[in-house]
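The figures that follow rest on heavy atoms only: side chains count, while hydrogens, waters and symmetry mates do not. Residue numbering restarts at 1 for every chain, and letters A, B, ... go by the order of the sequence lines.
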Number of protein chains: 2
Amino acid sequence: MPENSHGNRTQIAAAKLRQMIIAGDLPPGQRISEREISTHLDGLSRTPLREALKMLAAEGLVCISPNRGATVAALSISEVEDILELIVGLEGLAAERACQRISDAEISEIEALHRLMHDAFRDGRLMDYFEINQRIHQEIVDGAGNRELSRIYAAACARIQRYRYAGNRRHERWDRAVAEHDQIVTALKDRDGALLRELLRAHHRNGWRVARILVENELNEGKA
Amino acid sequence: MPENSHGNRTQIAAAKLRQMIIAGDLPPGQRISEREISTHLDGLSRTPLREALKMLAAEGLVCISPNRGATVAALSISEVEDILELIVGLEGLAAERACQRISDAEISEIEALHRLMHDAFRDGRLMDYFEINQRIHQEIVDGAGNRELSRIYAAACARIQRYRYAGNRRHERWDRAVAEHDQIVTALKDRDGALLRELLRAHHRNGWRVARILVENELNEGKA
DNA sequence: ACCAACCACATTGCATGCAATGCGTTGACA
DNA sequence: TGTCAACGCATTGCATGCAATGTGGTTGGT
């Protein structure tokens, strides 16, 4: 039983499309023609595909215009910044709860991820680094023990992931980000919620300062 | 052009179902049979209805089990509390931003709502009171000027609205809540973000302390 | 030469029909 | 009498066909 047979065709289609959008295979603004996409997804019919699109629209990943079809959600700089502000806020809330409630075992798991991230950094495996980095943040949020918070945080991250990582072929700021993560893990181990909160806020602010320029360039190229 | 022809039948069905769930016309755990519900919704076919259900599932308002159909999402006490904690957190984030960014005109609008709420209180119009109350909170959040925050806040409120207001036939705590709202509006006028945040937190905590008992009774009755 | 109305094509929106899955019931056997 | 298996019904899952809407191109007029 392949892992993908998890659930019905609607769920599979939604998962595949979600992944393609998050990874950037389908760029923002890209039209999603029902018939065209259906041929790329095992030739499944339009009905489950439409259901999947409606779900992704509710998640904010695609935009559906009545009688005009679906497109991959294209966010403006300020919309990305709004979502990023939300993410920082959610992480801040989670950080303080996490420092009170997280177990030593969970902290160990995060430390293990942290070491994996260091390895990926040392070996120059950029995509692995990004993925582990994201997982660390998610696990810190999960540490707050609030499933709804975790869900919303994950959904918000998915919406802007492409904007934060897409153009980052070069590892500008990479060493700096790793150093910040060292501090973050230390603050978590010390269970210093207020400090953790501020470190996370600064970490995201610094990261966006770099990514923003790439996104701006990309948007300008799109116009030109 | 009737106001309901806003959008296509999927959107209309979603809006109606959403309203029915939030208002409690469809109680938590209620099975939503596609064919049965379709007859209650102008006899529209199952296809747009299914699309609407998928959207509501993505919003967390309904729960879909593969091959077993949809039910109105039934939340446990702790799930309601998780969402409430999230709401309090989001309001707190919004409160500090709102105190920096909100315009005097928006404050005036909130004050006007506040007076309407007082009127509803004086005249004993409970449902009007609830609705205006909710709108005040939403407008405070909107005052932060972050659309994504506003959207997520609204969605979270929708998920637990029924649990907070459903059983409140009697107006326990009503006068107390109005007094708290007076303080809240004052803090907003003074643009005291930290105070506003704490007032909102206390307001929700006090409100839930009462509503929780009603929800617990309801859940126990359901078992018995 | 430019603009506007019209027509044909492509795409989405929706209804219906059939296949597949789950559930309740009945009947037989231990 | 209790339990398990097989059958039938009801419901969901999906594909397809038709109607409605939007789009682009062409033609006719000014």
Side-chain angles (χ1 to χ4, degrees), chain A residues 1-18 20-21 26-74 222, chain B residues 1-21 26-74:
Chain A
M1 164 160 138
E3 186 60 22
N4 246 353
S5 75
H6 249 320
N8 45 27
R9 302 189 191 197
T10 298
Q11 302 302 326
I12 295 173
K16 284 194 178 179
L17 284 173
R18 196 180 290 118
M20 291 172 77
I21 292 172
L26 292 173
Q30 170 75 48
R31 177 96 185 278
I32 303 179
S33 162
E34 295 177 2
R35 189 168 297 276
E36 178 185 349
I37 287 289
S38 73
T39 64
H40 285 263
L41 260 58
D42 301 333
L44 91 169
S45 81
R46 291 171 51 220
T47 304
L49 177 59
R50 283 174 59 83
E51 291 178 1
L53 287 174
K54 289 292 197 300
M55 289 176 32
L56 297 180
E59 295 172 21
L61 288 174
V62 312
C63 178
I64 297 181
S65 313
N67 288 318
R68 296 191 48 190
T71 58
V72 178
Chain B
M1 166 160 135
E3 186 60 22
N4 246 354
S5 75
H6 248 324
N8 45 26
R9 302 192 190 193
T10 298
Q11 301 303 326
I12 295 173
K16 284 193 177 180
L17 282 174
R18 196 181 288 117
Q19 187 54 39
M20 291 172 78
I21 293 172
L26 292 173
Q30 170 74 49
R31 177 94 186 277
I32 303 180
S33 162
E34 295 176 3
R35 189 170 296 278
E36 179 185 350
I37 287 290
S38 73
T39 63
H40 286 264
L41 260 57
D42 301 333
L44 90 169
S45 83
R46 290 172 53 220
T47 303
L49 177 59
R50 282 174 60 83
E51 291 178 0
L53 286 174
K54 287 291 195 300
M55 291 182 6
L56 297 181
E59 295 172 21
L61 288 174
V62 312
C63 178
I64 296 181
S65 312
N67 289 316
R68 294 190 48 189
T71 58
V72 178

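Annotation: salt bridge (Lys or Arg N to Asp or Glu O under 4.0 Å) contacts of A:R35 (sequence neighbours excluded): none. The side chain to side chain contact (heavy atoms under 4.5 Å, CB included) test applied to B:Q30 returns B:L26, B:P27, B:V72, not counting sequence neighbours. With sequence neighbours left out, B:A73 forms a side chain to side chain contact (heavy atoms under 4.5 Å, CB included) with no residue at all.
Between B:I37 and B:M20 the shortest side-chain heavy-atom distance does not fall below 4.5 Å.
DNA chain D is contacted by A:S45, A:R46, A:T47, A:P48 of residues 45-55 of chain A, taking any non-hydrogen atom closer than 4.0 Å. Near DNA chain C, meaning a heavy atom under 4.0 Å from it, residues 26-35 of chain A has A:R31, A:I32, A:S33, A:E34 in order of number.
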Write down the protein N/O and nucleotide N/O pairs, taken from nucleotides 22-24 of chain C, whose separation is under 3.5 Å; answer none if there are no such pairs.
residue : atom : partner : partner atom : Å
C:dC23  : OP1  : B:R68   : NE           : 3.0

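Closest heavy-atom contact between A:K16 and A:D42: NZ-OD2, 3.9 Å. The nearest pair of heavy atoms linking A:M55 to B:A58 is O-CB, 4.0 Å. Among all heavy-atom pairs drawn from A:L56 and A:A14, the shortest one is CD2-O, 4.0 Å.
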Would you list the atom pairs, donor with acceptor, under 3.5 Å between side chains in residues 47-54 of chain B and any protein atom, with sequence neighbours excluded?
residue : atom : partner : partner atom : Å
B:R50   : NE   : A:E51   : OE2          : 2.9
B:R50   : NH1  : B:E34   : OE2          : 2.7
B:E51   : OE1  : A:K54   : NZ           : 3.3
B:E51   : OE1  : B:T10   : OG1          : 3.0
B:E51   : OE2  : A:R50   : NE           : 3.0
B:K54   : NZ   : A:E51   : OE1          : 3.3

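Protein chain B contacts DNA chain D over a range whose 5' and 3' limits, counting nucleotides with an atom under 4.0 angstrom from a non-hydrogen atom, are D:dT11 to D:dG13.
In this structure, the separation between CD1 on B:I32 and OG on B:S38 is 12.5 Å, given to the nearest 0.5 Å. Rounding to the nearest 0.5 Å gives a distance of 5.5 Å between CG of A:L17 and CG of A:L41.
Residue pairs meeting the salt bridge (Lys or Arg N to Asp or Glu O under 4.0 Å) criterion with at least one partner in residues 56-74 of chain B, sequence neighbours excluded, are B:R18-B:E59.
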